[in-house]
Q: 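Sharing a structure with you now.
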Number of protein chains: 2
Amino acid sequence: MDEQFAATVMARAEMLGAISEEDGRLTRRSLTPALRRANEAVAGWMRAAHMTVYEDSVGNLIGTYPANRSAAKSFVIGSHLDTVRDAGKYDGPLGVLVGLAAVERLAAAGRRLPFAVEVVAFCDEEGLRFGTSFLGSRTLAGNVDPATLALTDEAGVSVAEAIRAFGGDPDLIAQDARRSDELLGYLEVHIEQGPRLQERNLPVGIVTAITGITRLQLGITGMAGHAGTVPMALRRDALAGAAELVLAIEAIARRSDGLVATVGQITVMPGASNVIPGTAMISLDLRHQDDSVRRQAVNEVMQQAKMIAAERNLDLTLQPIAEHAAVPMAEGMRAKLAAAIGDSGYELVSLPSGAGHDAAVLAEITPAAMLFVRCKDGISHNPAEAVTAADVAAAIAVVSRFLDKLATP
Amino acid sequence: MDEQFAATVMARAEMLGAISEEDGRLTRRSLTPALRRANEAVAGWMRAAHMTVYEDSVGNLIGTYPANRSAAKSFVIGSHLDTVRDAGKYDGPLGVLVGLAAVERLAAAGRRLPFAVEVVAFCDEEGLRFGTSFLGSRTLAGNVDPATLALTDEAGVSVAEAIRAFGGDPDLIAQDARRSDELLGYLEVHIEQGPRLQERNLPVGIVTAITGITRLQLGITGMAGHAGTVPMALRRDALAGAAELVLAIEAIARRSDGLVATVGQITVMPGASNVIPGTAMISLDLRHQDDSVRRQAVNEVMQQAKMIAAERNLDLTLQPIAEHAAVPMAEGMRAKLAAAIGDSGYELVSLPSGAGHDAAVLAEITPAAMLFVRCKDGISHNPAEAVTAADVAAAIAVVSRFLDKLATP
């Protein structure tokens with residue numbers, strides 16, 4: 001039976017994947033006409049599953065499958081319908097479609113649960129259009145920074161204007177904040193975006209935590225000079241120092257299980273092939289599910305940077321860009337997910353999420369959990385993103401069993 | 001006596017340093033109105049030194065101090081009056097002014113030599129305006145690539161048009177090629193652009209050779225990926241590979257005396273702080289006065305690059321950009337310069353030139369030599385370029401003694 005629901009999910013992912021702002025590739029930014037069409041398609045499927053549908057003040061699409069009794073709480077299954085540029089078909093939509101499939105399974109059996117099931121399609125998770133992210137889930141969490149509304153896209157359109165053009169009302173955002181006492185919890189199904197489930201040959205896994213992140217910019221200053229006339233021994237080459245630091249960062253991350261550290265940007269000045277670099281700037285993105293491990297690693301990076309700078313007679317600057325603490329997923333929800341996975345006959349694997357998700361925001365107001373689905377070669381944010389129908393069927397089965405366990409405490 | 005001539009050189013360098021295309025900094029590109037004014041100033045000083053003056057078909061300014069007999073050959077002392085952007089006052093002009101001072105010293109003494117002394121101010125050495133270089137000296141060497149004339153500056157003006165606007169005639173370039181049998185040799189006085197004379201506490205030094213150069217672009221390709229989700233052990237990080245290579249290049253250059261290797265440019269793609277670099281491109285500029293040492297070093301770099309790529313599962317591409325063989329300075333000229341330095345009471349130091357100079361072009365048609373003058377902290381191509389009047393006096397003394405030795409074989 002789950003195979004049929006999975007086939008529907010796969011077909012719908014294809015349909016949503018064709019709803020794009022751009023010809024030939026999938027780009028569906030927040031609050032655009034393309035997102036409008038995606039919301040309309042999903043709303044139609046929700047209504048067909050006997051859900052009541054509404055769009056909130058910022059453009060989140062919310063379908064509610066009613067409880068079997070009045071005054072019941074809600075359990076929320078959510079993910080997002082906005083995408084990155086040149087996106088894959090599953091990052092975001094898969095979570096909405098699997099939640100919808102779980103509801104359809106209930107509806108097909110004529111079953112209701114002692115709580116309402118809400119499927120939420122968030123309007124803005126990736127942050128491509130406005131350079132911010134999580135506007136959708138922050139609205140539910142009652143945690144939208146008013147300054148966000150003034151941010152503008154490339155065309156100069158503000159978030160507030162885009163919300164209005166989409167049919168929402170930025171003045172009513174506060175009314176859409178959810179009270180903790182009306183929620184049972186939150187579940188997000190998402191492709192893993194990493195290769196670990198594939199390595200373990202498992203369809204699904206439980207997220208332990210959304211990793212904490214430190215983002216820095218490191219500046220290294222030496223002395224620019226003529227590539228032909230300054231002897232090696234007298235150089236203060238900023239790029240050579242930066243290269244040592246890049247390798248030191250890699251070595252630090254390799255030594256600690258679960259730690260990832262990335263230098264994704266590097267620029268040197270003056271940047272001519274015949275001039276010794278006088279300055280180099282590198283970015284650092286460092287993540288771990290344990291905040292103390294992350295902070296320790298950042299300290300090690302800084303110690304190494306200082307040693308390298310001292311040995312090479314370079315100057316060092318440090319600019320903090322962002323720091324977010326890890327968000328552990330709720331123990332109770334994880335235990336029920338684990339039981340549902342066991343009942344479904346799969347080995348249990350728990351793993352952190354290196355990427356941010358709406359679940360980290362919802363965790364502020366309700367017990368939150370995430371189920372990862374195996375994706376091919378760990379590829380995401382790429383048209384090559386792929387999941388199998390069999391794995392989607394496994395996810396639907398696990399989510400259905402999970403809801404059953406929630407219903408029978 | 002040399003102190004007075006040196007004081008004049010210092011004052012003239014200040015005057016020429018104020019002749020710029022830009023307010024507040026020295027930028028004097030090839031064939032511009034600023035170069036016209038510089039040529040006119042120098043032509044006036046040449047005439048005052050009893051030289052006959054003409055400008056050739058491309059805008060080289062040539063002053064001739066006649067020989068003491070007819071049908072004599074010429075000895076050429078040259079350098080350039082064009083500059084880089086935001087230049088110092090000495091790179092180029094110093095060589096013209098010291099040559100002129102040596103002639104003034106002869107004129108003041110009422111002396112002529114058994115050969116004419118020509119002081120040549122080349123119109124285009126740095127190549128800032130048209131992206132080519134050595135147009136001036138190539139004209140004398142009869143070695144101008146006709147394609148050069150079609151190159152354009154930022155405003156779309158071609159070399160040929162600029163020559164005409166300057167008062168020259170690109171159709172007559174071939175007529176200005178000099179015959180080897182009418183030349184005795186060539187001497188170029190230039191700031192060292194490096195710190196070695198300062199380290200040795202010597203005012204001048206003899207150039208052994210203009211170093212050969214290999215310029216390459218190296219491309220490294222791995223796999224882009226999400227900074228949060230791809231474990232360290234599974235990464236194919238192009239920047240980490242490039243960083244290893246940058247350090248390997250530095251280590252290779254440090255091992256070999258006189259070898260300099262520079263990575264002046266690095267770019268990574270996609271270049272986002274939260275994405276593992278999928279590709280990295282680096283430039284390599286590698287120089288040595290011995291071509292076999294240079295070629296061996298390039299081979300070592302390639303071997304190291306292949307090892308790094310193999311260990312990290314990266315792909316490697318190599319694009320040759322340019323290769324120039326070293327140009328040794330003429331033995332006979334060097335011996336006379338050495339004798340002149342010894343007679344002047346200075347310790348003899350010989351050193352290669354890591355930068356290119358007009359002397360490398362003139363060496364194609366006549367025995368060429370170069371005399372380096374100590375510059376402060378090795379700084380060049382920078383407003384902080386500095387020489388002392390005492391060192392300039394030493395250079396004038398050495399050039400004068402050198403001319404005397406040429407006159408008495």
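Letters A, B, ... mirror the listed sequences (proteins, then strands); counts begin at 1.
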Q: Out of curiosity, A:Glu250 CD to B:Glu244 CD, how far, rounded to the nearest 0.5 Å?
A: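 So the CD of A:Glu250 and the CD of B:Glu244 are separated by 7.5 Å.
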Q: May I ask you to check whether over 12 heavy atoms, not counting those of B:Met232, lie within 6.0 Å of atom CE?
A: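 Counting neighbours around CE of B:Met232, more than 12 heavy atoms of other residues, nucleotides or ligands fall under 6.0 Å, so yes.
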Q: When only pairs under 4.5 Å are counted, which of B:Pro270, B:Ala261, B:Ser353 shares the most heavy-atom pairs with chain A?
A: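 Going by pairs under 4.5 Å, I would pick B:Ala261.
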Q: Does any non-hydrogen side-chain atom of B:Asn274 lie less than 4.5 Å from one of A:His381?
A: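 They are not in contact (no side-chain heavy atoms under 4.5 Å apart), so the answer is no.
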Q: Just give me the residue among B:Val275, B:Val260, B:Leu351 that pairs up with chain A most often, heavy atom to heavy atom, under 4.5 Å.
A: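 Ranked by contacts with chain A, first place is B:Val260.
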Q: Name the option with the most non-hydrogen atom pairs under 4.5 Å to chain A; the candidates are B:Asn382, B:Ile249, B:Leu239.
A: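 Sorted descending by pairs with chain A, the first entry is B:Leu239.
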Q: Among A:Met269, A:Gln217, A:Glu199, A:Arg287, which residue has the highest count of heavy-atom pairs closer than 4.5 Å to chain B?
A: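 Max contact count across the listed options: A:Arg287.
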Q: Against chain B, label A:Ile213 side chain, backbone, both or neither, depending on which of its atoms sit under 4.5 Å from a heavy atom there.
A: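 When you check distances to chain B, no heavy atom of A:Ile213 falls under 4.5 Å.
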Q: Quick one: which of B:Gly194, B:Gly271, B:Ala242 has the most heavy-atom pairs under 4.5 Å with chain A, could you say?
A: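 When all of B:Gly194, B:Gly271, B:Ala242 are compared, B:Gly271 has the most.
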Q: Where the side chain of A:Gln265 meets the backbone of B:Ala272, is there a donor-acceptor pair that is under 3.5 Å apart?
A: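 Side chain of A:Gln265 to backbone of B:Ala272: no pair is present.
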Q: Are B:Arg235 and A:Thr262 linked by a side-chain donor-acceptor pair shorter than 3.5 Å?
A: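 There is such a pair (donor and acceptor under 3.5 Å, judged by atom type) between the side chains of B:Arg235 and A:Thr262.
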Q: Can you tell me which of B:Ala240, B:Gly378, B:Ser380, B:Gly258 forms the most heavy-atom pairs within a distance under 4.5 Å of chain A?
A: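 Highest number of heavy-atom pairs under 4.5 Å: B:Ala240.
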Q: Name the region of B:Val246, side chain, backbone, both or neither, that has any atom closer than 4.5 Å to a heavy atom of chain A.
A: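 When you check distances to chain A, only side chain atoms of B:Val246 fall under 4.5 Å.
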Q: Set out, in order, the CA-CA distance, both residues' side-chain angles and the distance that settles side-chain contact (heavy atoms from CB on, under 4.5 Å) for B:Glu192 and A:Thr229, then state yes or no.
A: CA-CA 8 Å; B:Glu192 182 200 337; A:Thr229 59; over 6 Å; no
Q: Return the option, out of B:Val230, B:Ile276, B:Val263, B:Thr211, with the maximum number of heavy-atom pairs under 4.5 Å with chain A.
A: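 Option with the top pair count is B:Val263.
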Q: Hey, could you give me the CZ/CG distance between B:Arg196 and A:Leu234, rounded to the nearest 0.5 Å?
A: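 Interatomic distance, B:Arg196 CZ to A:Leu234 CG, rounded to 0.5 Å: 9.0 Å.
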Q: So, does B:Ser273 use its side chain to make a donor-acceptor pair with the main chain of A:Ser283 at under 3.5 Å?
A: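 It does not hold such a pair.
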Q: Does any backbone or side-chain atom of B:Ile321 lie under 4.5 Å from a heavy atom of chain A? Answer side chain, backbone, both or neither.
A: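 For B:Ile321, neither part sits under 4.5 Å from chain A.
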